Structure formats: structure tokens, C-alpha cells
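Along the sequence shown, the residues carry numbers beginning at 1. Atoms considered below: every heavy atom in the structure, side chains included; atoms not considered: hydrogens, waters and symmetry mates. Just so it is clear, the model here is predicted, and its values are computed rather than measured.
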Amino acid sequence: MTNSAPQTAAEDGLIHHIRQHAELSKTAYRVPADWSYPSSFHLLLALGRRFTPRPSPDDLIGMPDRLCYSNAARYALSHRDEGLVYAEGFALTHHEFDVSLPHAWVVRPDGTVLDPTWDDQPGRAYVGIAIADPQLWPVDGGGLLQDFDRTVPLLRGGFPRTALAELGRPLIEETVAAGTAPGDDL
């Protein structure tokens, strides 16, 4: 699958969803001014990338539903020798109607998605952060951006410099090229 117009449109819709939540979170609560990010939505807009869905390999046996964080972390851990890394953010379901869900998946070295939870058919779009540091992978579940005890330190201080993998595509090519991060206007 190449980066076709429907794929890009689905990704753009997912990014729009994240932007809306970031905008709403600005008035929902206040965070200290010295925090790196006011919300996980802002973190995703600043550091997130687009990932291209690919069909799962035939030998992938689906992991338990609703356990995407531990499924992805464990799958990435057991396939590190293949260059797979854990990723987390939002995915757009593959069903007849669009549902944007907090989700975790695995990213291949070429930036494509391998989704051990949605093994029957990948989602239509994935926007998130690929984490290079396996010590951050939530093998016990909970997610980095969904579990309060894991999220707060990331919002407060950001990710360690070497924790992120440079995989996937920038959220918005022209703003990255111009030197501003997506979401700076939020």
C-alpha cells in the first residue's frame, strides 16, 4: 500500500481529532507553566508521526482485544531482533464508520504498522509516537499516554532525547520543513 489520497485523508482526519482535543484541553484544566506539554494531545502534535498500515503477516495470531498496550509492547519486545518498536497514539478503526481510538501498535523499520491486537485487518490510519527505548514499553499494560502515573512525567519533562525512534512520516511536512512543530499554534 502506498501513501494514497484516501490514506492521507484518513490520517488528516485523525490529526484533526487530536487537534480538537488539544484545543478543548486548553480550557479544561491548567497545568504548571514549566511543563513540557499541557496534555497528551499536545505531546502527540509536537512529537507524533504518521504510520502506514500494512496487512498483518499470515502467521500472526491475534492477541487479546482491549489489551493493545501490553500486546504491542510484548510483541515488539519479542521481535526486537527484527527492528520492531512500540508505538502509541491514536488509530482510526477499519470498520464501516470512523472511530478514533487511543491505541498501541508496533512499527517496522520502514515505518509501517504491524498491529498485533487488530490482526484481522489493520486500522485505516495511525498517528502516534514510536518509542525506541524498550524500558519505556508498557509490557504490563496501561499505555504511556493513557496511564496517569506514566503520562504525568512525560508531560512534565518530555521524553528522554534517545527514547524516540525516527520512524514514520511527519504530521505536516511543510511545518516541519519550516522549523515549527505541528500544534505550535495551540
- Query: Quick one: do the R50 and T8 side chains pair a donor with an acceptor below 3.5 Å?
  - Reply: no

- Query: Going through the checks in order, is the side-chain hydrogen bond (donor to acceptor under 3.5 Å, both in side chains) test met by Y126 and D115?
  - Reply: CA-CA 10 Å; Y126 293 81; D115 194 329; 2.7 Å; yes

- Message: Please tell me whether L24 and W35 are part of a single hydrophobic cluster in this structure, the criterion being side-chain heavy atoms less than 4.5 Å apart.
- Response: no

- Query: Just by distance, do the side chain of W137 and the backbone of I131 share a donor-acceptor pair under 3.5 Å?
  - Reply: yes

- Query: Quick one: are V107 and L114 in side-chain contact, heavy atoms under 4.5 Å?
  - Reply: no

- Message: How long is the straight-line distance from CG of D110 back to OG1 of T112, given to the nearest 0.5 Å?
- Response: 3.5 Å

- Item | Salt bridge flag under 4.0 Å for residues R74 and D140 | no

- Task: Given side-chain contact (heavy atoms from CB on, under 4.5 Å), test Q7 with R124 step by step and report yes or no.
- Result: CA-CA 7 Å; Q7 175 65 43; R124 292 194 320 114; 5.7 Å; no

- Atom pair CG (L77) and OG (S70), whose distance is rounded to the nearest 0.5 Å: 12.0 Å

- Query: Can a salt bridge be assigned to the pair R169 and E11 using a cut-off of 4.0 Å between side-chain N and carboxylate O?
  - Reply: yes

- Do the rings of H21 and H17 sit parallel, tilted or perpendicular, given the 30° and 60° boundaries? perpendicular

- Task: Evaluate the side-chain proximity of T52 to V113: yes if any heavy-atom separation is below 4.5 Å, no if none is.
- Result: no

- Centroid-centroid under 6.0 Å between F90 and H103 rings: no

- Task: Please report the closest heavy-atom contact between Y37 and L154, naming both atoms and the distance.
- Result: CD1-O, 3.8 Å

- Message: Check whether N71 reaches the backbone of L67 with its side chain - one donor and one acceptor, N or O, closer than 3.5 Å.
- Response: yes

- Item | Any donor-acceptor N/O pair, E88 side chain to L145 backbone, under 3.5 Å | yes

- Would you call P134 and R80 a side-chain contact if the rule is heavy atoms closer than 4.5 Å? yes

- Query: Do you know the tightest heavy-atom contact between L144 and Y86?
  - Reply: CD1-CE2, 4.2 Å

- Message: Counting C-beta onward and ignoring hydrogens, is there a side-chain heavy-atom pair between L84 and P109 closer than 4.5 Å?
- Response: yes

- Note on the structure: CZ (R19) and CD1 (I15) are apart, to the nearest 0.5 Å, by 7.5 Å

- Non-hydrogen atoms of T93 and W118 that approach each other most closely: CG2-CH2, 4.1 Å

- With side chains defined as the heavy atoms from C-beta onward, is the minimum distance between R150 and P138 less than 4.5 Å? yes

- Report yes if the side chains of F51 and L167 come closer than 4.5 Å at any heavy-atom pair, otherwise no. yes

- Can you tell me how far the OG atom of S25 sits from the NE2 atom of H42, to the nearest 0.5 Å? 4.5 Å

- Decide yes or no for E23 and K26: does some side-chain heavy atom of the first lie under 4.5 Å from some side-chain heavy atom of the second? yes

- Note on the structure: When rounded to the nearest 0.5 Å, the distance separating CD1 of I18 from CG of L171 is 7.0 Å

- Enter the distance from S100:OG to L92:CG here, rounded to the nearest 0.5 Å. 5.0 Å

- Do I129 and V152 sit in the same hydrophobic cluster, where Ile, Leu, Val, Met, Phe, Trp and Tyr count as joined when their side-chain heavy atoms come under 4.5 Å apart? yes

- Task: Please name the pair of heavy atoms, one in T151 and one in S40, separated by the smallest distance, quoted to 0.1 Å.
- Result: CG2-CB, 4.4 Å

- Identify the two heavy atoms, one from R108 and one from P55, that lie closest to each other, and give their separation to 0.1 Å. NH2-O, 3.7 Å

- Test item: F159 and L136 side chains (from C-beta on) under 4.5 Å apart, heavy atoms: yes

- How close do V85 and A76 get, heavy atom to heavy atom, and via which atoms? C-CB, 3.9 Å

